[in-house]
Amino acid sequence: MRVALVTGSARGLGQEFAVALAGAGHAVVGLDIADQVETRDLLRAAGGRFLGLTVDVTDEAAVAEAVRTAVDRFGALHIVVNNAGVYPPIEFEKTTLADWHRVMRLNLDGPFLVTRAALPHLRAAGWGRIVNIVSAVVFLGPPELVAYTTSKAGLVGFTRSLATAVGGDGITVNAIAPGLLDTATAAATTGADGGFERVRALQAVPRTGRADDLVSTLLYVCAEGSGFLTGQTINVDGGSARH
C-alpha cells in the first residue's frame, strides 16, 4: 500500500483524484480548507482508507503539522498531488497587487510548502511521486488569466527543477495540464460567460472536459512502472493546445 496526499480534495478534480487513488489501493490524506464529508463518504463507500484534514496549504505551520499527522496515521508518505489552486478571471489592468499575491500564494506557495514538508518522507521511503496540477493555459495564454497563467507557468518550472533535484532518490516529479473542465468553479467563472463553447471550438475533441478525464493520466504518472518519467508536463485538454 502507498500513501497519497491530495490537496484541494473536498470537491472537483481533487475529489476525483482522491477517489481514484483510493480505488488503486492507496491510503489517501486530503487537505482542504473546506469540509470533506462528501469525499470521506465516497471513499468509505468504496472501501478506501481516508484521512481528511482541514488545512490552509499556504500556512507553513499547518502544512507541517498535517504531514506529521498523515505519517503518524499511515506510517509513511509516497505520493503528493498538488491540486489546490485559485482560478480568478481578472483583466490585467484591473488586477491589484493583492489579487496577484493571492493567486501566487495559493498556486505557487502552496505546492512549495506541501512538497517541502512531504519530501523527507518520500526520501525515507526511497520511492515517490510528486504531481503538480498546472493548466493548458500555459500554452494558450488567455488574456483574462494573466495572473493565473503566470502562476501555473511557475509551477511548470518548479516541476522541472525539482525533478532534477530528487531524481536520484527514486522520486519523480511531473505536471498534468488540464484544459477547461466542467467543474462548479469553472461553471461559475469562465464557463458562465461562454467559456465552455469558446474552448470547445479550439479542441480536436469537441466536448467539454470532465474531472474524470484526468484520472487515467494521474494513475499513469503515479504508477510503479513510471519511474523513468519525470520533469514532464502532460497536456490533457482535448487537443486545444497542440505543442
Side-chain angles (χ1 to χ4, degrees), residues 2-32 34-50 52 78-87 107 111 129-140 148 152 155 159 174-192 195-226 229 232-242:
R2 302 293 188 187
V3 181
L5 184 152
V6 180
T7 68
S9 50
R11 59 178 66 87
L13 191 53
Q15 184 180 82
E16 196 79 33
F17 286 162
V19 172
L21 288 164
H26 305 309
V28 178
V29 180
L31 307 188
D32 206 305
D35 183 271
Q36 298 188 71
V37 171
E38 183 179 30
T39 304
R40 181 199 66 196
D41 291 347
L42 286 169
L43 267 73
R44 286 183 177 174
R49 302 176 66 190
F50 179 70
H78 307 93
I79 298 169
V80 175
V81 182
N82 287 307
N83 167 76
V86 63
Y87 175 75
N107 293 0
R129 302 285 185 263
I130 298 168
V131 186
N132 299 314
I133 306 306
V134 295
S135 172
V137 298
V138 299
F139 308 111
L140 298 169
Y148 177 74
K152 292 301 187 178
L155 198 51
T159 298
N174 291 290
I176 301 174
L180 183 63
L181 302 178
D182 187 5
T183 64
T185 299
T189 53
T190 300
F196 291 130
E197 292 78 12
R198 290 195 301 274
V199 170
R200 277 202 304 271
L202 298 171
Q203 294 174 183
V205 179
R207 67 166 173 83
T208 298
R210 305 180 304 267
D212 62 359
D213 287 318
L214 278 295
V215 166
S216 61
T217 306
L218 176 75
L219 296 179
Y220 166 57
V221 298
C222 292
E224 297 286 339
S226 294
L229 174 74
Q232 304 305 308
T233 299
I234 302 175
N235 204 35
V236 187
D237 70 346
S240 62
R242 302 171 183 89

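Taking all atoms of both residues into account, the shortest heavy-atom contact from Ala84 to Gly8 is CB-N, 3.7 Å. Contact record, Thr39 with Ala10: OG1-O, 3.4 Å, taken as the closest heavy-atom pair. Smallest separation of non-hydrogen atoms from Ser226 and Arg129: C-NH2, 3.8 Å. Across all their heavy atoms, Phe50 and Gly30 have their closest contact at CE1-N, 3.6 Å. Smallest separation of non-hydrogen atoms from Val215 and Ala20: CG1-CB, 3.5 Å. Val28 and Ala22 get closest at one heavy-atom pair: CG2-N, 3.7 Å.
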Checklist entry - Step by step, would you call Leu21 with Leu218 a side-chain contact (heavy atoms from CB on, under 4.5 Å)? => result CA-CA 9 Å; Leu21 288 164; Leu218 176 75; 4.0 Å; yes
Checklist entry - How far apart are the C-alpha atoms of Tyr220 and Leu229, what are their side-chain angles, what is the distance that settles it, and do they pass the side-chain contact (heavy atoms from CB on, under 4.5 Å) test? => result CA-CA 10 Å; Tyr220 166 57; Leu229 174 74; 3.7 Å; yes
Item to check | Chi angles and distances behind the side-chain contact (heavy atoms from CB on, under 4.5 Å) call for Val134, Ile176 | outcome: CA-CA 6 Å; Val134 295; Ile176 301 174; over 6 Å; no
Item to check | Working for side-chain contact (heavy atoms from CB on, under 4.5 Å), residues Phe17 and Ser9 | outcome: CA-CA 8 Å; Phe17 286 162; Ser9 50; over 6 Å; no
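Panel note: side chain Thr7, backbone Asn83; a donor-acceptor pair is recorded below 3.5 Å. Between the side chain of Asn107 and the backbone N or O of Val86, at least one donor-acceptor pair lies under 3.5 Å.
Within the model, atoms CZ of Arg11 and CD of Gln36 stand 9.5 Å from one another, a figure rounded to the nearest 0.5 Å. To the nearest 0.5 angstrom, Arg207 atom CZ is 4.0 Å from Asp213 atom CG. Expressed to the nearest 0.5 Å, how far CZ of Arg40 lies from CG of Asp35 amounts to 8.0 Å. Note that OG of Ser135 is 8.5 Å distant from CG of Asp237, once rounded to the nearest 0.5 Å. For the atom pair CD1 of Ile234 and OG1 of Thr217, the computed distance is 6.5 Å after rounding to the nearest 0.5 Å.
Considering Leu42, Val6, Leu43 in turn, Leu42 is the only one that fulfils the side chain to side chain contact (heavy atoms under 4.5 Å, CB included) rule with Gln15. The only member of Asn174, Ile130, Ile79, Val80 that meets side chain to side chain contact (heavy atoms under 4.5 Å, CB included) when paired with Cys222 is Ile79.
Using a 4.5 Å heavy-atom cutoff, the side chains of Ile133 and Leu214 are not in contact.
Salt bridge status for Glu224 with Arg2: present, with a side-chain N to carboxylate O gap under 4.0 Å. Using a cut-off of 4.0 Å between Lys/Arg side-chain N and Asp/Glu carboxylate O, Arg44 and Asp41 are scored as not salt-bridged.
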